[in-house]
**Q** 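Sharing a structure below in structure tokens format, with a few things to ask.
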Amino acid sequence: MSTLESTAPSRATNRNQRLWMYATMVQSRHFEALVKVAYLEGKQPLFNMAKGPIPGEMHLSDGQEPCAVGVCAHLRPGDAVTATHRPHHIAIAKGVDLKAMAAEIFGKKAGLSGGRGGHMHLFDPAVNFACSGIVAQGLGPAVGSALAAKLRDASDIAVAFLGEGAANQGAFHEALNLAAVWQAPVVFVIEDNAYGISVAKRDCTAVESNAIRAAGYGMPGVHVPGNDADRILAAAGEAVARARAGGGPTLIEIETTRLEGHFMGDAEGYRPAGEVEALKARDPIPAYRARLLAEGFEAEALDRAAGAAIAEVDAAFVFARRADYPAPEEVFEHVFAGEGASQ
Amino acid sequence: MSTLESTAPSRATNRNQRLWMYATMVQSRHFEALVKVAYLEGKQPLFNMAKGPIPGEMHLSDGQEPCAVGVCAHLRPGDAVTATHRPHHIAIAKGVDLKAMAAEIFGKKAGLSGGRGGHMHLFDPAVNFACSGIVAQGLGPAVGSALAAKLRDASDIAVAFLGEGAANQGAFHEALNLAAVWQAPVVFVIEDNAYGISVAKRDCTAVESNAIRAAGYGMPGVHVPGNDADRILAAAGEAVARARAGGGPTLIEIETTRLEGHFMGDAEGYRPAGEVEALKARDPIPAYRARLLAEGFEAEALDRAAGAAIAEVDAAFVFARRADYPAPEEVFEHVFAGEGASQ
Amino acid sequence: MTTATTTTRRLTIAKAMSEALAQEMARDPSVLVMGEDIGKLGGVFGATQGLLDRFGPERVRDTPISETAFMGAAVGLAASGMRPVAELMFVDFFGVCMDAIYNLAAKQNYFSGGKVSCPMVIMTSVGGGYGDGGQHSQCLYATFAHLPGLKVVIPSNARDAKGLMLSAIRDDNPVVFMFHKALQGMGWLGTVQRSITDVPEADYTTPIGVAAVVREGTDVTLVGLGLTVHLALDAAAALAKTGVSAEVVDLRTVSPLDRATIRASAAKTGRLVVIDDDYMSFGVSAEVIATVCEHGGARLRSPPMRIAYPDIPVPFTPVMEHFVLPNAEKVVAAVQAMLEAAP
Amino acid sequence: MTTATTTTRRLTIAKAMSEALAQEMARDPSVLVMGEDIGKLGGVFGATQGLLDRFGPERVRDTPISETAFMGAAVGLAASGMRPVAELMFVDFFGVCMDAIYNLAAKQNYFSGGKVSCPMVIMTSVGGGYGDGGQHSQCLYATFAHLPGLKVVIPSNARDAKGLMLSAIRDDNPVVFMFHKALQGMGWLGTVQRSITDVPEADYTTPIGVAAVVREGTDVTLVGLGLTVHLALDAAAALAKTGVSAEVVDLRTVSPLDRATIRASAAKTGRLVVIDDDYMSFGVSAEVIATVCEHGGARLRSPPMRIAYPDIPVPFTPVMEHFVLPNAEKVVAAVQAMLEAAP
Ligand SMILES: Cc1ncc(C[n+]2csc(CCOP(=O)(O)OP(=O)(O)O)c2C)c(N)n1
Ligand SMILES: Cc1ncc(C[n+]2csc(CCOP(=O)(O)OP(=O)(O)O)c2C)c(N)n1
Ligand SMILES: [Mg+2]
Ligand SMILES: [Mg+2]
């Protein structure tokens, strides 16, 4: 099968879906904004990553929201999603509980896993969401979840998100081949933000678009330019429908933009001068808003939806900040399922 | 770049080269015949793999000789070759010392590594030959050897052999991409014998020909049908010349045949009835002999070359059988380079 | 532990494993088996014999040579309510897929705060002694036992093999089931006859995490696992002839380690010899010795000893390999030296 | 060991590493560096700062996220006369490329009977304590030390870091150079100030395989490595105030382990506490204890103790993580308990 350039209509038909996409992008961006604020608190001296209410690495998703909403617009709670070290936008679009997610990022007892996981390890079985900090290692589990759905004759599917840098990892190749051999209902979604940490895609990937690699697995490969939620919606819609209908896996590569550093604290010296400014000028959220307005959406409707989304985030952060830390001894719980604490 | 069907002339021009190819195929087959005899000695009771003069697994290459000679005909001692768990034919075509190789397989002190390696771990730095028992793990080292040649501005290249089953391993993907990004002078040669142990290619590989996967790395992919030494010679010639000229890597997939079991002792219950017989009827060595005769080679010349090649093998086995075992204490030598024995 | 009905059937470990798998697949539709050559071939080491015929290709899946993908898929299946059993053909291959095992499977329950368990079994062959060379003869018990979140079992006989396999499948956590090639009962590998035992046809479990005193004694404790239990039993029989009474502990599980049984036996006999065919340093023997010697352990009359495979790759040639493998004579000599030094 | 000229320059471990690399690259054209983000970015942990500018992209190679391929390539480069230094960004990622490390690099010299050595360095960051979660905070010393054919070093300070790096590059064998994030001297990670030391500008080596007594004492031996050396030193200082004289041993190398120094110190003080931030079981602490307690070791006055990270995944939230990490207070308490039980 050959690579397809996404030729989706730029004008989607479902009004509610697009309103949801807009509001969810705003929600995700606002979530990251509050993470940023909290993360920077107390990082003393000298930006010490160990300090403050949110320690450790922090990978923000600003600019990549269209990928999350365009794909997740098609998903149901029963569909599994595996995300990466940069998971917030996807988690939010998949419907992960915002309060528990925020609390997890703050390391609180009320967090998704009681503070054991942190921002790279968000698990919410209520909506079948998981993520992993090892590049490309979410792909195998997605194929497994997809097979499980197929074996129980459900129409559930799985979606694995990955970065364009992850497409050079062996797990990518193995998982795509396995998915194709099993005809598993899974969609592989590459968020191509042009960098893996500091290394530009063109310096480490032998082809311009990873979509072409789909041919090596006999599956459709779709390239979606423009970081455009509507085009992503359309491309993902086809892939999801194919998977649900038993038509097997699809590979989608989306051109998107990383508006922040790889992680917080990244000096970004590897970026050409002016790149970030240029990317910010093409920020997909205001652009989407402008398009919706141009198509006749009322500003008030947009603001109302966005406002509600933002309020949810605010409430989640209030909840997370006020929540209690776990007792230290709880560290020994859940090492093994169905057993007490380990020591 | 698109996949190329090898359109090589079936009639190569270099007489000596083809005589060498014929004789070397005969030599390889005779080597395996003597391995078989020795391997079966003393495998008592009940085919106990631990017993006899050659213990352990034994992977024979009968039927795959055209791949080895067609590729190695273009290689010089300075070119590196990494082979697999099924390495004899390639080692022989690359010019590995026959006596030391046979002695290694018998576990003798005069073996390539004094009996430490065995049949899956043949190293002969004189001709830059190495192999590994882990599927697809020879590819990374081949890329490294190729880069080393490039860095020292030599026209040496590297060739990595692998099975069609190995093309589903992550290392394959990573190594091809890395070779392409580095424009390393390396040729990847897949010997497609249709099986990885008992699993048929069609049951585990999402595409019919792995040559198509080359497009995912922006490198030429060539499919060579027919298990035909001359066509392989031509396809490999182009790839080797490209690599030597700085044109980067190539992927070649050769349709070949495994005339024996995966390893000795394999009951081959997974093969369709009659398959082995049909394959043996298309044995590439008599076919090649017939072609050469038809093209005017004299039977006597062929027999002379083959006879000499066989005599070399016979001498190597006499040497290997007569050679001494190492002293047990030598087991502690060579764990680390430049140091005495470890304990 | 369910008490089993008596029977006089004698099975090999291979047959005991496949019987356990078949019984559990019949009982629990969520169990499925996958790996390389586990279908048509019935497993290179016979652990899945008859399963494909009985349960069909949906539940008995021959995979591509893609350990990363299928181990990852097992994690996704386990997260989705299935109970996959995945075979890693040789433990030596762990290096191509360890991330999925130790960073995904082993940590899923913890990262999710107990919300997403990972009930899966990884069965894998270990051990050398039959001349298969350094990439097919390793044990690596400690490699797995060192990493939290995994349970690791290794049966020394068929009865335990069936009971441990049923426990492993029913456990809600990832269990690494290591079976030793020298005990597997495949004719072509040679088999320690004592590993072939009576095996109840009924359903029964052998508890994970519980060692067994397989021979009682008063003068010295010999601790072994898998194959080395048999070396210890042979040594104990030889020592008995010289009036020395050796107690033999079969660890059965290395993680979690049954420290109480080890300490109790060491306290009783006052002497400790550990026998391990894995690499010595940072291995099982050190952990057992530390368990006994450390604060809270047991008092010994003599310094403990370890007889383990040395810190060198496994050589191919039998004269070297058997020189360094542990055996009963080395155990007897160690015990005698210990008794002479401090009677 | 070359004796170094005195200097008062104080460097971080990161700077000491990059200085060693730069000096050796200038001296030896066969040295090259590769890994993810080691070029333009200078290494996520600063170990390759300035190298790209000085030595250019041929010798300082940013790689794709393809650890299997580039570790394998390093093996091929090493076999071809180069001395590659490859960075595995976090040791936690070993699972995606361990085969190339432990089955290729570690065994090449042995499998080739000493004919093909493997001079390469794998440098990798270890350790937690800064809230980076369970896939970015592990130590895994024992995972590497257990496998033969690798040397494994871990410096506790900048002076040793430079000397060990120069030794590692010049060693004809694969050396795993583990640097602890809490000692690296990157402002954003927080750094134990004692790790920042004077570092001679001159060329000097610190021998691999030799531990250092970094504080002399008479009552108890505290054994540490990397970060835990500083915990031991802090504990020793606190104990000194209570009249207890603690000797501190910095292992510096875990493979090969300097058993003589460990035993000599333990024999001298008669008491042993091992401090390790890797998982406890089957770890460094057990090996050190076994080394002292086993036959041929040393006599102790009290049972030894180990203070190690428990056998659980590393939690994200600091209240849990710091509860389980070793620290100086735990060491002091252990020593006091030991002295109380047997003064
Ligand atoms: C196997 C592995 N190698 C390296 C890393 C370190 N790492 C974390 S994120 C990252 C870059 C990933 O790039 P990409 O896949 O493009 O995702 P992005 O960060 O751009 O979202 C790297 C190298 C890792 N986590 N896992
Ligand atoms: C990583 C890894 N997985 C599995 C194996 C076991 N194994 C050895 S050879 C083989 C089949 C290889 O098939 P292919 O690559 O087609 O080579 P062929 O044997 O046909 O020459 C397998 C699965 C291995 N050696 N390494
Ligand atoms: Mg990216
Ligand atoms: Mg094959």
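Sequence lines set the chain letters: A, B, ... in the order given, protein chains first and strands last, and positions in each chain run from 1.
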**Q** Quick one: do B/Arg86 and B/Glu57 make a salt bridge, cutoff under 4.0 Å?
**A** no
**Q** I'd like to verify something: which residue of D/Gly113, D/Ala106, D/Pro174 has the highest number of heavy-atom pairs under 4.5 Å with chain B?
**A** D/Gly113
**Q** Flag the pair B/Asp79 and B/Arg244 as a salt bridge only when some basic side-chain nitrogen lies within less than 4.0 angstrom of an acidic carboxylate oxygen.
**A** yes
**Q** What option among B/Gly118, B/Ser132, B/Gly140 has the most heavy-atom pairs under 4.5 Å with chain D?
**A** B/Gly140
**Q** With a 4.5 angstrom heavy-atom cut-off, is it the side chain or the backbone of D/Met34 that approaches chain B, or both, or neither?
**A** side chain
**Q** Between D/Ala79 and chain B, which part of the residue has a heavy atom less than 4.5 Å away: side chain, backbone, both or neither?
**A** neither
**Q** Taking D/Asp172, D/Thr68, D/Asn173 one by one, which has the highest count of heavy-atom pairs under 4.5 Å against chain B?
**A** D/Asn173
**Q** Let's test your reading of the structure: which of D/Leu77, D/Val116, D/Val96 forms the most heavy-atom pairs below 4.5 Å with chain B?
**A** D/Leu77
**Q** Is the NZ or CZ atom of B/Lys108 both under 6.0 Å from the centre of the six-membered ring of B/Tyr325 and within 45° of that ring's axis?
**A** yes
**Q** Quick check on D/Lys151 against chain B: is it the side chain, the backbone, both or neither that has a heavy atom closer than 4.5 Å?
**A** both
**Q** Using non-hydrogen atoms only, which part of D/Arg61 is less than 4.5 Å away from chain B: side chain, backbone, both, or neither?
**A** side chain
**Q** Sort out for me which of B/Gly117, B/Pro125, B/Ala175 touches chain D most, counting heavy-atom pairs under 4.5 Å.
**A** B/Pro125
**Q** Would you please classify the geometry between the B/Phe263 ring and the B/His59 ring as parallel, tilted or perpendicular, with 30° and 60° separating the classes?
**A** tilted
**Q** Is the shortest side-chain heavy-atom distance between D/Ser125 and D/Met89 below 4.5 Å?
**A** no
**Q** Which is it for D/Lys162 and D/Glu24 under the salt bridge (Lys or Arg N to Asp or Glu O under 4.0 Å) test, yes or no, and what are the steps along the way?
**A** CA-CA 11 Å; D/Lys162 179 170 172 183; D/Glu24 197 61 6; over 6 Å; no
**Q** For B/Ala142, which atoms come within 4.5 Å of any heavy atom of chain D: side chain, backbone, both, or neither?
**A** neither
**Q** Between B/Leu139, B/Val181, B/Leu151, which residue shows the highest count of heavy-atom pairs closer than 4.5 Å to chain D?
**A** B/Leu151
**Q** So for B/Val331, is it side chain, backbone, both, or neither that comes closer than 4.5 Å to the heavy atoms of chain D?
**A** both
**Q** Would you sort out whether B/Asn168 and B/Thr205 count as a side chain to side chain donor-acceptor pair (under 3.5 Å), showing the intermediate values?
**A** CA-CA 7 Å; B/Asn168 294 324; B/Thr205 304; 2.9 Å; yes
**Q** Side chain, backbone, both or neither: which part of D/Leu150 has an atom under 4.5 Å from a heavy atom of chain B?
**A** backbone
**Q** Using a 4.5 angstrom heavy-atom cutoff, name the option from B/Leu147, B/Leu112, B/Asn128, B/Asn177 with the most pairs to chain D.
**A** B/Leu147
**Q** Before you tell me yes or no, could you show the steps for D/Ser80 and B/Ser145 under side chain to side chain donor-acceptor pair (under 3.5 Å), namely the whole-Å CA-CA distance, both residues' side-chain angles and the distance that decides it to 0.1 Å?
**A** CA-CA 6 Å; D/Ser80 309; B/Ser145 293; 3.2 Å; yes
**Q** Answer with yes or no whether the side chains of B/His173 and B/Arg213 bring together a donor and an acceptor at under 3.5 Å.
**A** no
